[in-house]
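The structure displayed is predicted, hence computed values, not measured ones.
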2 protein chains.
Amino acid sequence: MTIQESGTTRPAGRPRSEKAERAIIEATLDLIGEGMGVSELSIEAIASRAGVGKTTIYRRWSNKEDLVVDALSTLKSPLPPLSGTSVREDLIALLDAMRRESGQARSRCVMNIAMSESDRYPRLMERFFKRAIEPRREALRAVIERGIASGELRPDLDVELGTAVLSGTMLWYTKWGPAGDLAPDLAERVVDAALHGLTP
Amino acid sequence: MTIQESGTTRPAGRPRSEKAERAIIEATLDLIGEGMGVSELSIEAIASRAGVGKTTIYRRWSNKEDLVVDALSTLKSPLPPLSGTSVREDLIALLDAMRRESGQARSRCVMNIAMSESDRYPRLMERFFKRAIEPRREALRAVIERGIASGELRPDLDVELGTAVLSGTMLWYTKWGPAGDLAPDLAERVVDAALHGLTP
DNA sequence: AATTTACGAAACGGCACCGTTGCGTATCGG
DNA sequence: CCGATACGCAACGGTGCCGTTTCGTAAATT
């Protein structure tokens, strides 16, 4: 053995192309980003878009769902840094990250899929949720729990209800708000409305 | 002329079957209610489900989109009666209607379509929005404006922000809340959280 | 009764995609 | 160089749906 990678023998023959693999996943995300539902994605369209033979796709994934799972899993969810100075500031930081993401076509369409196809592709969505949704929800939950502990939030506050109010409101604007980008100060206004309530 | 209906001459020949028409629309809504996206609906599946020949469908609608528009338009949106005694009570009535609807598979799937396919079928969705979504939003808006006028809500409240907080929170529970039916007192809790805020 | 239109069923040619196979070429280890 | 594997490409037979047409029958008007 001349070259050996961490104890695993490299199989003989030409190695699989990393470039092709990335191109396939990029093409998949592109098509999803253009509004394709999972059921409308065709392997042939992905192969064509990626400049790749169908063989190269089938060699790696046995079916479309597995491919989509892997493609969605590559979407990073970098949570914004939280200053920790106040609950209000941290909430604004989290919600403003949602606002910024909602401006990207790819993120919007992925969200569409997450919301509408979870019944038909439960396996796919379970994995995607764990990867992309759960960390954000957990961050929000942590901020709220910290706020309850510090007295910045009601001691009897239902944490889930708090997350629902905050991210649900942003979700509403994303889908049904005025067309185009969301107002830059939206997160701040939503947080203040949620914190202080609609009554005088 | 022997029998004449309200000034319009009935054309000769066998009249179109009202029963077949309803069966077609029912079948369409059934399939949508089972999780079908618009793009996955096939005329053949609808015809088969309705016990009808494809001819009978094509005679009435020239394409799938027109059929879906008509089918969705038959979905009633009976707004709940508002007591008008207080903003809080009216809001609870409106949000509880959303909660009850979210338990019905057909309503859930229609909502899925409304949220995820609005990019691909803008014409369809525009009409559906006007029919099913806009009246509810308008009712919510009216209650909020009345509350501002009566002093029950902040005088400087952004009406759209208020609707976003209320219906967005319900939306969040519908899609991402705990599985199964929503808690019967959810609307009340959401309204109180929105009215009084998350702070002590 | 004659005419007209609608009905359900079946079949049509066409198309897009399926998943697989064969081909000639490219890229690796030995 | 040799064997092995991956590559892009093209073609395969199969399937499901398209929108249309044909057929025999049913239900209305005149």
Side-chain angles (χ1 to χ4, degrees), chain A residues 1-28 30-32 34-68 70 120-121, chain B residues 1-28 30-32 34-71 120-121:
Chain A
M1 34 169 138
T2 52
I3 298 181
Q4 178 114 344
E5 334 184 5
S6 63
T8 85
T9 8
R10 164 97 85 82
R14 176 176 175 175
R16 292 191 179 169
S17 161
E18 298 281 344
K19 193 170 122 194
E21 189 142 341
R22 270 173 311 178
I24 293 167
I25 288 189
E26 269 309 300
T28 306
D30 269 1
L31 290 172
I32 291 177
E34 287 171 13
M36 288 266 190
V38 176
S39 66
E40 299 168 81
L41 281 178
S42 76
I43 300 290
E44 300 206 330
I46 294 171
S48 160
R49 169 77 61 118
V52 143
K54 284 197 289 178
T55 332
T56 307
I57 297 182
Y58 282 114
R59 191 174 295 117
R60 292 168 163 75
W61 295 278
S62 59
N63 58 61
K64 184 169 63 180
E65 188 168 326
D66 285 351
L67 168 55
V68 174
D70 277 4
R120 252 170 308 169
Y121 302 92
Chain B
M1 33 171 137
T2 52
I3 297 181
Q4 178 115 342
E5 330 184 6
S6 63
T8 83
T9 7
R10 165 95 85 83
R14 175 177 178 175
R16 292 190 180 171
S17 160
E18 297 282 344
K19 193 171 122 195
E21 190 142 340
R22 270 174 311 180
I24 292 167
I25 287 189
E26 268 310 299
T28 305
D30 269 1
L31 290 173
I32 290 178
E34 287 171 11
M36 288 266 191
V38 176
S39 66
E40 299 168 82
L41 280 178
S42 77
I43 300 289
E44 301 205 330
I46 294 171
S48 160
R49 169 78 61 117
V52 142
K54 283 197 290 177
T55 333
T56 308
I57 296 183
Y58 282 114
R59 191 175 294 116
R60 292 167 162 76
W61 295 277
S62 59
N63 57 61
K64 184 170 65 180
E65 188 168 325
D66 286 350
L67 167 57
V68 174
V69 166
D70 277 4
R120 252 170 308 171
Y121 302 92

side-chain contact (heavy atoms from CB on, under 4.5 Å) assessment of Tyr58(A) paired with Ile43(A): CA-CA 9 Å; Tyr58(A) 282 114; Ile43(A) 300 290; 3.6 Å; yes
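Remark: Arg60(B) is in phosphate contact with dC7(C), judged by side-chain N or O atoms under 4.0 Å from OP1 or OP2. Dashed line: the shortest gap from a side-chain N or O of Ser17(A) to OP1 or OP2 of dA6(D) is not under 4.0 Å.
The line from CD1 of Ile24(B) to OG1 of Thr56(B) is 6.0 Å long, rounded to the nearest 0.5 Å.
Each of Thr28(B), Asp70(B), Asp66(B) was checked for a side-chain hydrogen bond (donor to acceptor under 3.5 Å, both in side chains) with Trp61(B), and the lone residue meeting it is Asp70(B).
Across dA28(D), dC7(D), dC7(C), the shortest atom-to-atom separation from the side chain of Thr56(A) is found for dC7(D). Taking only side-chain atoms of Glu44(A), from C-beta outward, the nucleotide of dG8(D), dC18(D), dC17(C) with the closest atom is dC17(C). Looking at the side chain of Arg16(A), the nearest of the listed nucleotides dG8(C), dC18(C), dA6(D) is dA6(D). For Ala20(B), taking side-chain heavy atoms from C-beta onward, the closest of the listed nucleotides dC7(C), dC18(D), dT4(C) is dC7(C).
In this structure, Glu34(A) pairs ionically with Arg49(A), as a charged nitrogen and a carboxylate oxygen lie closer than 4.0 Å. Note on Glu21(A) versus Arg16(A): no salt bridge recorded, every NZ/NE/NH1/NH2 to OD/OE distance being 4.0 Å or above.
Atom CZ of Arg59(A) is separated from atom P of dG8(D) by 8 Å (rounded to the nearest Å). Here dC7(D) presents its P atom at 13 Å from CZ of Arg22(A), a figure rounded to the nearest Å. As a whole-Å value, the separation of Trp61(A) CH2 from dG19(C) C1' is 16 Å. Separating the CG atom of Asp66(B) from the P atom of dG19(D) is a distance of 12 Å, rounded to the nearest angstrom. Whole-Å rounding puts the Ile57(B) CD1 to dC17(D) P distance at 13 Å. Spacing between atom CD1 of Ile24(B) and atom P of dC7(C) amounts to 8 Å, rounded to whole angstrom units. Computed from coordinates, the Tyr58(B) OH to dT5(C) P distance equals 23 Å when rounded to whole Å. Going from atom NZ of Lys19(A) over to atom P of dA26(C) covers 14 Å, rounded to whole Å.
In terms of position along DNA chain C, the nucleotide closest to Ala12(B) lies nearer the 5' end than the nucleotide closest to the other residue of the pair Gly51(B) and Ala12(B). Projected onto DNA chain D by closest heavy-atom contact, Ile43(B) and Gly13(B) fall at different nucleotides, the more 5' of which corresponds to Ile43(B).
If you check every strand for non-hydrogen atoms under 4.0 Å, Thr55(A) touches a base.
Judged by atom type and distance alone, Lys54(A) does not reach the base of dG8(D) through any side-chain donor-acceptor pair under 3.5 Å. Donor-acceptor pairing under 3.5 Å, judged by distance alone, is present between the side chain of Arg14(A) and the base of dA26(C).
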